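Right, one structure below, let's go through it.
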Amino acid sequence: MTKTAGDKPLWDRPAAELAAGIREKSFSATEVAQAFLARAEETNPHVNALVDIRPDEVLAQAAEADAAVAAGGELPPLLGVPVSIKINTSQRGFASSHGVAAWAGAVAQGDAVCVAALREAGATLLGRSNSPAFAVRWFTSNDLHGKTLNPWHPGHTPGGSSGGAAAALAAGMTPIAQGNDIGGSVRFPAYCCGAVGLRPTVGLISGVEPRGAEEFDSPLSFQTMAVHGPLGWTVDDVRFGLHAMVTPDLDDPVGLPVRPPLGTPGRVKVALVRDAGVVKAQPAVDAALDDAARWLTEAGHEVEEVELPELGEAARLWSLLLYQELKTMMTEIEMFGDDAVRDSLASSFRAAAQIWGEQPSLTDYIRGYARRGTLIGRLQRYLGQDRVVLTPVAAEVPFEQDADLAGDSRMAELLAAQWPMQAVPVLGLPAVSVPTGLRDGLPSGVQLIGGRFTEDLLLHVASDIEARAPRSRPSFAWARES
């Protein structure tokens with residue numbers, strides 16, 4: 001019989017309760033690890049979310065945690081809490097495969113800085129989460145590990161590129177997951193799977209690979225837009241993961257020398273933006289915004305619907321700056337990538353050409369980065385320390401599986417629908433995706449965007465939505481029926 005905490009099995013408890021129970025010896029880290037391993041054994045065959053689980057190593061980590069509890073003294077905050085790590089992030093002893101078959105043997109000799117931070121915080125690293133090859137699709141499939149399914153409905157994407165992380169959370173395989181985000185790869189999977197996903201301020205969590213690893217001259221957009229961040233089943237799980245992952249690191253080109261204050265929650269002004277001048281949201285998406293706005297008003301926040309065209313402009317810049325730099329990586333992607341990632345990117349480039357032309361000039365690119373700076377300053381002044389922007393996560397409900405392979409017209413629709421995902425990386429601001437319940441059997445949710453280093457403020461507001469939104473776990477009825 002599975003040991004429980006309160007009236008729920010251990011695998012269905014928040015991270016903070018697990019950590020507290022382990023410290024207080026209500027249950028052991030080994031019992032927690034066993035509960036999550038059993039849950040993964042039960043659910044992972046249905047969704048293929050975690051692709052490299054090593055039970056003996058997981059239980060060895062848990063045993064070390066139990067020994068630390070027995071020894072007494074100060075204990076790290078995540079002691080014994082299971083966390084998954086994405087396959088494109090270095091974890092010693094595991095392949096940093098990026099979902100590429102040719103790199104299946106690329107075993108990391110050390111941890112990325114954010115993984116080392118989780119390990120130092122006492123987390124039990126339970127498994128590797130699946131992603132698309134090169135982590136550049138909003139769908140999670142690759143030739144090395146196969147396709148990840150959405151636990152709610154296999155015909156819809158679990159999101160990408162951190163789709164394995166989000167699917168594992170929804171299925172109860174871990175309470176916290178590490179992901180990364182350059183165009184929605186944390187926030188969109190959280191939305192698709194009914195979880196919570198935080199994209200932190202650029203520089204707050206180090207993206208540096210292990211010391212001594214082969215150096216890679218990453219494009220400027222990767223340096224200024226890509227971040228690592230936590231996903232969780234609850235807002236508190238994400239908060240717990242965030243505070244463990246904050247890593248002052250001057251080896252990171254955008255890293256910070258100190259841990260900044262993450263903001264003090266208080267009364268918040270909420271600016272509701274429905275479309276930013278890009279594309280109208282589907283009715284189900286509008287309904288989620290209406291629910292969130294009503295709940296935040298009930299919680300005492302001041303909600304005002306506004307026009308904020310700067311977000312739409314930032315989204316359009318994303319398809320210039322990121323895609324122009326991705327084109328410089330196409331030799332490697334063509335050589336090692338699978339058919340899906342090659343076809344998806346080719347279609348993406350054609351969709352972007354409808355905005356910027358077939359071959360944007362160097363002047364377009366330079367002016368794009370200059371405009372980016374202007375937009376960042378303008379939005380930061382608007383947001384300050386006490387305002388957040390409420391937007392859709394996407395203008396559509398979770399996409400049908402492999403919609404990016406359905407032709408150029410559908411890809412153009414996806415690119416437009418993802419404007420809330422694209423705008424935030426260009427601006428370097430923090431944002432969180434929070435669920436609002438189910439609609440027609442699929443998760444729904446909204447995004448909150450804040451000023452720099454206002455992560456705690458965002459999570460405070462997200463908690464007010466979470467407290468009022470209905471929550472449930474997927475039943476996997478579709479898996480039993482098949």
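Being a predicted model, the structure only gives us computed values, none of them experimental.
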Would you please test Glu307 and Val273 for side chain to side chain contact (heavy atoms under 4.5 Å, CB included) and show each step?
-> CA-CA 6 Å; Glu307 302 289 334; Val273 177; over 6 Å; no

Decide ring-ring contact (aromatic ring centres under 6.0 Å, His included) for Trp318 and Tyr323; before the verdict, give the C-alpha distance in whole Å, the side-chain angles of both, and the deciding distance to 0.1 Å.
-> CA-CA 8 Å; Trp318 181 89; Tyr323 282 171; 5.2 Å; yes

Could you walk me through whether Val432 and Gln447 pass the side chain to side chain contact (heavy atoms under 4.5 Å, CB included) test, one step at a time?
-> CA-CA 6 Å; Val432 62; Gln447 174 176 248; over 6 Å; no

Candidate pair Phe349 and Met330, rule side chain to side chain contact (heavy atoms under 4.5 Å, CB included), full reasoning | CA-CA 11 Å; Phe349 295 155; Met330 285 308 295; 3.9 Å; yes

Dump the intermediate steps for ring-ring contact (aromatic ring centres under 6.0 Å, His included) on Phe476 and His46, then the final yes or no.
-> CA-CA 8 Å; Phe476 290 98; His46 299 309; 5.7 Å; yes

Given the rule in the salt bridge (Lys or Arg N to Asp or Glu O under 4.0 Å) test, do Asp12 and Arg473 qualify, once you have shown the distances and angles that lead to the verdict?
-> CA-CA 9 Å; Asp12 200 21; Arg473 295 276 190 181; 2.8 Å; yes

Is there a side chain to side chain contact (heavy atoms under 4.5 Å, CB included) between Arg439 and Val397 once you walk through the steps?
-> CA-CA 9 Å; Arg439 294 187 185 276; Val397 300; over 6 Å; no

Step by step, work out the salt bridge (Lys or Arg N to Asp or Glu O under 4.0 Å) result for Arg350 and Glu358.
-> CA-CA 8 Å; Arg350 290 191 290 270; Glu358 290 292 336; over 6 Å; no

Go through the steps for Arg274 and Asp290 under the test salt bridge (Lys or Arg N to Asp or Glu O under 4.0 Å), then give the verdict.
-> CA-CA 10 Å; Arg274 292 189 186 271; Asp290 291 339; 2.6 Å; yes

Please test Phe188 against Phe399 for ring-ring contact (aromatic ring centres under 6.0 Å, His included), starting from the C-alpha separation and ending with a verdict.
-> CA-CA 10 Å; Phe188 185 61; Phe399 305 142; 5.1 Å; yes

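For the pair Leu438/Ser472, a side-chain contact is recorded, criterion being any heavy-atom separation below 4.5 Å from C-beta on. At a threshold of 4.5 Å between non-hydrogen side-chain atoms, the residues Ser129 and Ser84 count as touching. At a threshold of 4.5 Å between non-hydrogen side-chain atoms, the residues Gln178 and Asn180 count as touching. Side chains of Val306 and Leu272 form no contact here, defined as non-hydrogen atoms less than 4.5 Å apart. Residues Asn44 and Arg39 have side chains not in contact (no heavy-atom distance under 4.5 Å, counting atoms from C-beta outward). For the pair Leu326 and Phe222, the minimum side-chain heavy-atom distance is below 4.5 Å. Using a 4.5 Å cut-off on side-chain heavy atoms (C-beta onward), Ile205 and Leu242 make contact. A heavy-atom distance below 4.5 Å is found between the side chains of Glu396 and Glu413.
Nearest approach of Ala112 to Pro210, heavy atoms of both residues: N-CG, 3.8 Å. Closest of all the heavy-atom pairs between Leu126 and Phe36 is CD1-CB, 3.7 Å. The two atoms that bring Val186 and Pro230 nearest to each other are CG1-O, 4.1 Å, heavy atoms only. Closest approach of Val81 to Pro175, counting heavy atoms only: CG1-CG, 3.8 Å. Heavy-atom minimum distance, Cys192 versus Asn150: O-ND2, 2.9 Å. The two residues Ser90 and Arg128 have their closest heavy-atom pair at C-NH1, 4.4 Å.
Using a distance-only test at 3.5 Å, with no hydrogens or angles considered, a donor-acceptor pair links the side chain of Asp237 to the main chain of Thr234. At distances below 3.5 Å, at least one donor-acceptor pair connects side-chain atoms of Asp338 with backbone N or O atoms of Val341. Within the 3.5 Å criterion, the main-chain N or O of Ser475 finds a donor-acceptor partner in the side chain of Arg480. Under a 3.5 Å cut-off, the side chain of Thr157 and the backbone N or O of Trp138 do form a donor-acceptor pair.
Within the model, atoms OG of Ser347 and CG of Leu405 stand 8.0 Å from one another, a figure rounded to the nearest 0.5 Å. The CE atom of Met245 sits 10.0 Å away from atom CG of Leu78, with the distance rounded to the nearest 0.5 Å. Taken from CD in Glu310 to CG in Leu427, the straight-line distance is 9.5 Å, to the nearest 0.5 Å. To the nearest 0.5 Å, the span separating OH on Tyr365 from CG on Leu317 amounts to 12.0 Å. With rounding to the nearest 0.5 angstrom, the CD1 atom of Ile449 is 5.0 Å from the CG atom of Leu311. Distance check: Glu334 CD to Arg342 CZ gives 6.0 Å after rounding to the nearest 0.5 Å.
Side-chain contact of Ser131 with Thr140: a donor-acceptor pair under 3.5 Å is absent, judged by distance alone. Between the side chains of Glu325 and Ser221, at least one donor N or O sits under 3.5 Å from an acceptor N or O. Judged purely by distance below 3.5 Å, without hydrogens or angles, the side chains of Trp356 and Ser319 pair a donor atom with an acceptor atom. For the residue pair Asp456/His243, the side-chain donor-acceptor check at 3.5 Å is satisfied. Of the N and O atoms on the side chains of Ser185 and Ser161, at least one donor lies less than 3.5 Å from an acceptor on the other residue. Looking only at atom types and distance, the side chain of Lys86 has a donor-acceptor partner in the side chain of Ser162 under 3.5 Å away.
The residues Arg371 and Glu313 are annotated as salt-bridged, a charged nitrogen and a carboxylate oxygen being separated by less than 4.0 angstrom. For Arg137 and Asp343, the salt-bridge test fails: no basic side-chain N is under 4.0 Å from an acidic carboxylate O. A salt bridge is defined here as a Lys NZ or Arg NE, NH1 or NH2 lying under 4.0 Å from an Asp or Glu carboxylate O, and Arg54 with Asp52 meets this definition. A salt bridge is absent between Arg410 and Asp402; no separation between the charged side-chain nitrogens and carboxylate oxygens falls under 4.0 Å. Using a 4.0 Å cut-off between charged nitrogen and carboxylate oxygen, Arg239 and Glu455 do not count as a salt-bridge pair. A salt bridge links Asp181 with Arg199; the closest basic N to acidic carboxylate O contact falls under 4.0 Å.
For CZ of Arg367, the number of neighbouring non-hydrogen atoms (other residues, nucleotides, ligands) closer than 6.0 Å is 12 at most. Under a cut-off of 6.0 angstrom, the local environment of CD in Gln380 is crowded, with over 12 non-hydrogen atoms contributed by other residues, nucleotides or ligands. Crowding of Glu400 atom CD: a count of heavy atoms from other residues, nucleotides or ligands under 6.0 Å exceeding 12.
Taking the six-membered ring where tryptophan is involved, the planes of Phe336 and Trp103 are tilted, since the angle between them lies from 30° to 60°.
Across Pro154, Pro132, Ser141, a single residue satisfies side-chain contact (heavy atoms from CB on, under 4.5 Å) together with Lys147, and that is Ser141.
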